[in-house]
Every structure is written in structure tokens, then in C-alpha cells.
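Numbering starts at 1 and runs along the sequence shown.
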Amino acid sequence: MERLDGVSRTFGDLYCRLFYEKLVERELGVADPDDQATVLQIGCGPFPMTAIVLAERGYDVVAIDNDPDVVTGARDAIAERKLTDEIDVVVSDGRTIDTSRFDIVWMAFHVAPRSELVDATMSALEPDQTLVYRRPRSWARVIFPSDSPPIPDDVAVETVSQRFGKESVVVCHDPGDCADCDDAADCPASDDEPARTDPDLASDEESTGPTLDSLQVGERATIRTVPDHDLLPSLGVRPGKDVRLETGQAFNGPLVLTVDGRTVALDRTLAGRIRIESTPPGQRPHRPTDSE
């Protein structure tokens with residue numbers, strides 16, 4: 001599909017807009033790099049959409065691939081879009097390239113061997129660096145290799161659910177290792193506790209458990225914790241509220257939920273940050289009392 005950009009730039013631009021812009025924007029929302037951050041993309045492919053989206057948002061990118069023919073195609077795609085000053089495409093191998101001069105490393109979904117590349121890059125991360133890589137989730141694990149290395153104890157990880165069976169993983173060092181890092185305040189690991197609207201639910205035990213996006217159609221639950229997000233109060237999504245999943249839109253679209261009798265639509269990524277207490281079949285959801 002990516003090689004078809006060489007036949008029709010219009011098709012390439014449409015493909016990028018439909019399948020990659022939102023994906024990269026969600027990753028940027030979590031990684032939150034500085035405006036001047038230098039970026040390395042490993043496994044750019046013949047149509048380096050991730051690099052293009054990042055360059056269009058003001059970042060300088062070095063994109064690499066170990067196939068010379070692929071690199072030639074990528075350079076043509078970048079030249080067509082007049083982004084040669086923002087993106088430098090080179091023939092290189094993700095297993096041997098020095099990542100130390102980059103602020104953030106983006107790794108493509110189809111890099112191989114994924115586990116080896118992720119492990120090597122993660123092991124080399126400095127306290128002021130971030131790694132973003134993609135892996136299959138849900139049904140996609142049946143089709144694509146799902147091998148991923150274990151996450152070391154000295155890094156912090158946040159995941160972002162994407163469409164079409166993908167998941168983005170954002171990795172940076174634990175804030176305890178970031179004393180000398182100027183960007184530590186902007187790092188996703190620097191939040192000691194996820195934001196909650198109910199201070200009574202701030203124990204460590206409440207930071208784990210099922211999330212709203214894990215509900216099956218028709219299943220009911222009680223909301224335990226929610227992130228600090230301007231949209232949620234207006235939808236009535238608060239701790240202690242009853243919730244039922246009515247349906248999930250195709251292609252990883254929004255979830256349609258009933259919250260205390262009110263029907264709302266909620267983005268899956270946001271739903272994945274809302275903790276719930278599942279309600280066994282035939283039982284009414286638990287409603288906290290004023291004394292609890």
C-alpha cells in the first residue's frame with residue numbers, strides 16, 4: 001500500500017491522513033516532546049508517513065531504513081512534499097545506529113526483529129530520551145508477530161490504543177533517574193499519581209484494575225476513577241456512576257455507553273484511562289453512599 005504513493009501522490013496523501021495523522025497525534029499527546037526535539041524514526045519504509053506527519057508539525061527528523069531501494073522511494077516521497085529540509089533519510093540499521101543524539105525515537109510497526117530492536121533501544125535510553133514504538137494488540141496478535149521484550153523496572157510506560165489492532169507504547173526513564181533532566185517536568189513518567197476527580201480513591205490499589213474499554217457489549221460496571229479531562233464532567237462520567245456498554249463502533253471507533261440512563265459516545269483511548277468495577281450478571285452496580 002505504501003508503494004502506491006509512487007503511483008499517485010493524491011492516494012498517498014489520503015492514506016496518510018486517514019491512517020497515520022491521528023495515530024501520530026495520539027503518540028505526541030502522550031510523549032509531549034519539546035518543540036525543538038530531534039527525532040529519529042527507525043523503519044521509515046518507502047512512504048515515511050510518521051516522519052512526514054512529524055515534520056509537518058515542526059520537528060526535524062532523521063528517518064532510517066536498511067533497504068537502499070526503500071530509502072530511495074522515501075526520499076522521492078519527501079521531495080514531492082518539499083520536506084527535504086526537515087527530513088533526512090539515510091540507509092542504516094536500527095540495531096547499530098547511535099540513538100544518543102536524539103531526544104525521541106519513533107519505531108515503526110513493521111520493524112524486524114521487533115523484540116531485539118525495542119530491547120536494544122530501550123536499554124540505551126538516557127534519562128532525557130523517549131522511545132515510542134508500536135505493537136499489535138487484540139485480534140492483530142493473531143496476524144502479526146507480537147513478541148515484545150519485558151519492560152525494565154527503571155522506565156515508565158504509557159500505552160495508547162490505536163485503530164486496526166495497533167497499540168503505541170511510550171517509554172521514558174523513571175522520574176527518580178531524571179534529576180538532571182531539563183525536560184523531566186514534561187515527561188509522562190513525572191506524574192507521581194494519575195489525576196483523579198475523587199480524592200477518596202487515591203490509594204495505590206485504585207490505580208490498577210479493568211478499564212472502561214474492556215467492557216463487553218451489554219456489560220455493566222461502576223466507574224472507580226477517571227482522569228482529569230474537561231470532556232468527562234460534561235458527559236456525566238464520574239466516579240461512582242453506573243455505566244453500560246451499548247456498542248462499539250467499527251474500526252476502533254468510539255464506544256457508545258449509557259451512563260446513569262444517559263447515552264454518550266466516548267473515544268476508546270480516553271475510555272482506556274477510566275477504571276471500573278465490573279458488575280456480575282444479575283446484580284445492580286454498586287453505588288457508593290455518603291459514608292463510604
Set of residues satisfying ring-ring contact (aromatic ring centres under 6.0 Å, His included) with respect to Phe102, sequence neighbours excluded: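 Checked Phe102 against ring-ring contact (aromatic ring centres under 6.0 Å, His included); zero matches.
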Less than 4.5 Å apart, any side-chain heavy atom of [X] and any of [Y]?
X	Y	value
Val171	Tyr133	yes
Cys172	Leu125	no
Leu270	Leu232	yes
Thr99	Ile97	yes
Val170	Val157	no
Asp242	Thr222	yes
Asp119	Ser123	yes
Met107	Val132	no

For Ile274 and Ile223, run side chain to side chain contact (heavy atoms under 4.5 Å, CB included): C-alpha distance rounded to whole Å, both residues' side-chain angles, the deciding distance at 0.1 Å, then the answer. CA-CA 7 Å; Ile274 298 172; Ile223 297 173; 3.9 Å; yes
Which atom names give the shortest non-hydrogen contact between Val90 and Arg75, and what distance separates them?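 Val90 and Arg75 have their closest heavy atoms at CA-NH2, 4.0 Å.
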Closest approach of Pro68 and Val91, non-hydrogen atoms and distance?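 Heavy atoms of Pro68 and Val91 come nearest at CA-CG2, 4.0 Å.
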List the steps and the verdict of side chain to side chain contact (heavy atoms under 4.5 Å, CB included) for Leu28 and Tyr59. CA-CA 11 Å; Leu28 282 169; Tyr59 297 99; 4.0 Å; yes
Spell out, as yes or no, whether a donor-acceptor pair under 3.5 Å connects the side chain of [X] to the backbone of [Y].
X	Y	value
Ser214	Thr211	yes
Arg224	Gly240	no
Arg238	Pro233	yes
Thr38	Asp103	yes
Thr96	Ser92	no

Working to the nearest 0.5 Å, report the span between [atom1] of [X] and [atom2] of [Y].
X	Y	atom1	atom2	answer
Gln129	Ile104	CD	CD1	10.0 Å
Lys82	Glu80	NZ	CD	7.5 Å
Trp106	Glu27	CH2	CD	6.0 Å
Glu219	Leu212	CD	CG	10.0 Å
Leu40	Asp88	CG	CG	10.5 Å
Leu257	Leu215	CG	CG	7.5 Å

Sidechain N-carboxylate O distance under 4.0 Å for [X], [Y]:
X	Y	answer
Asp260	Lys241	yes
Arg81	Asp13	yes
Arg114	Glu116	no

Side chain to side chain contact (heavy atoms under 4.5 Å, CB included) between Thr263 and Val256, intermediate numbers included: CA-CA 7 Å; Thr263 301; Val256 178; 3.8 Å; yes
Asp85 vs Leu83, side chain to side chain contact (heavy atoms under 4.5 Å, CB included): CA-CA, chis, key distance, verdict: CA-CA 5 Å; Asp85 290 339; Leu83 291 171; over 6 Å; no
What residue among Arg137, Arg26, Glu167 forms side-chain contact (heavy atoms from CB on, under 4.5 Å) with Gln162?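 Between Gln162 and the candidates, side-chain contact (heavy atoms from CB on, under 4.5 Å) is satisfied uniquely by Arg26.
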Anything under 3.5 Å between a donor and an acceptor, one on a side chain of residues 41-56, the other on a protein residue two or more places apart or in another chain? List them.
| from | atom 1 | to | atom 2 | distance (Å) |
| --- | --- | --- | --- | --- |
| Gln41 | OE1 | Ala51 | N | 3.4 |
| Thr50 | OG1 | Arg134 | NH1 | 3.0 |
| Thr50 | OG1 | Arg134 | NH2 | 3.1 |

Is there a side chain to side chain donor-acceptor pair (under 3.5 Å) between Thr258 and Glu246 once you walk through the steps? CA-CA 7 Å; Thr258 298; Glu246 302 299 338; 2.7 Å; yes
Taking only residues two or more places apart in sequence or in another chain, which ones pass salt bridge (charged side-chain N to carboxylate O under 4.0 Å, His left out) with Arg57?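 With neighbours one apart ignored, the set is Glu25.
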